Amino acid sequence: MKNLLLSALVFLSFSFLMSVSFTEIINAIKTGNATEVSKFFDNSVEITLPGKSNSYSKSQAELVLRDFFSKNPTKNFQVIHRSDNAGSEYCIGNLETTNGIYRTTIYLRQKGERQVVQELRFEK
């Protein structure tokens with residue numbers, strides 16, 4: 001019985017930590033804050049924007065995202081779907097900007113004790 005309770009507690013703690021990371025990332029995207037989003041980047045991040053897609057280092061990815069947000073000031077972000085599977089998590093939402101709505105996909109994976117962003121997609 002003790003093992004069952006301990007397992008449940010560990011699972012709930014892990015689930016809570018995953019949710020906290022995603023909430024912070026979503027809030028940073030909602031406000032167009034590339035610096036805050038980049039705190040969750042893995043060492044290498046795949047970023048897809050209209051007309052281009054590439055893998056960037058953490059620092060390059062922050063600059064690419066900052067440029068995107070400066071050209072597309074954000075108004076709101078609404079989560080449409082969110083799911084997790086075996087140490088990875090993703091979210092699909094609509095990012096409303098002054099230049100239109102971008103279907104946004106965020107992929108995270110467990111790396112050590114934290115969740116890191118592996119991929120960001122912004123599709124018009």
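In what follows, every heavy atom counts, from backbone to side chain, and hydrogens, waters and symmetry copies are set aside. Bear in mind the structure is a predicted one, so any value in this text is a computation, not a measurement.
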dist Asp67:CG -> Asn72:CG (nearest 0.5 Å) comes out at 9.0 Å
Exercise. So do Ile26 and Val79 actually touch side chain to side chain, heavy atoms under 4.5 Å?
Worked result: yes
### Query
Quick one: are Tyr107 and Glu89 in side-chain contact, heavy atoms under 4.5 Å?
no
Value for CD (Gln78) from CD (Glu96), rounded to nearest 0.5 Å, stands at 9.0 Å
One should read off an interatomic distance between Thr74 OG1 and Lys30 NZ, to the nearest 0.5 angstrom, of 10.0 Å
Do Asn94 and Tyr102 meet the criterion of a side-chain donor-acceptor pair at a distance under 3.5 Å?
no
When every non-hydrogen atom of Arg114 is compared with those of Lys39, the smallest separation belongs to NH2-O, 2.7 Å
Side-chain contact, heavy-atom cut-off 4.5 Å: Leu108 with Gln118? no
Closest non-hydrogen atoms of Phe77 and Gly93, given as atom of the first, atom of the second and distance, are CZ-CA, 3.8 Å
Show me, pair by pair, the donor-acceptor contacts under 3.5 angstrom made by side chains of residues 43-50, not counting sequence neighbours?
unit_1 : atom_1 : unit_2 : atom_2 : d
Ser44  : OG     : Ser55  : OG     : 3.0
Glu46  : OE2    : Ser53  : OG     : 3.0
Thr48  : OG1    : Ser53  : OG     : 3.0

Would you check if Arg103 and Ile92 make a side-chain contact, meaning some heavy-atom pair closer than 4.5 Å?
yes
ask   = Hey, does Phe40 have a side-chain heavy atom less than 4.5 Å from the side chain of Glu24?
value = yes
**Study point:** Residues Lys111 and Asp42 bridged, charged N to O under 4.0 Å
**Key:** yes
Q. Would a distance-only check, ignoring hydrogens and angles, find a side-chain to backbone donor-acceptor pair under 3.5 Å from Asn33 to Glu36?
A. yes
**Message:** Less than 4.0 angstrom from a charged side-chain N to a carboxylate O is my criterion; do Glu62 and Arg66 meet it?
**Reply:** yes
Phe41 meets the ring pair (Phe, Tyr, Trp, His ring centres under 6.0 Å) criterion, sequence neighbours left out, with none
Side chains of Phe68 and Leu95: does their closest heavy-atom pair fall under 4.5 Å? yes
The residue among Ile25, Val64, Thr105, Val37 that forms side-chain contact (heavy atoms from CB on, under 4.5 Å) with Leu120 is Val37
- Query: Do other residues, nucleotides or ligands put more than 12 heavy atoms under 6.0 Å from Lys124 NZ?
  - Reply: yes
Heavy-atom nearest pair, Ser38 first then Thr35, reads OG-O, 2.8 Å
inquiry  = Is it the case that the ring center of Phe22 lies less than 6.0 angstrom away from the ring center of Tyr90?
reply    = no
Interatomic distance, CD1@Ile101 vs NZ@Lys75, rounded to 0.5 Å, equals 9.0 Å
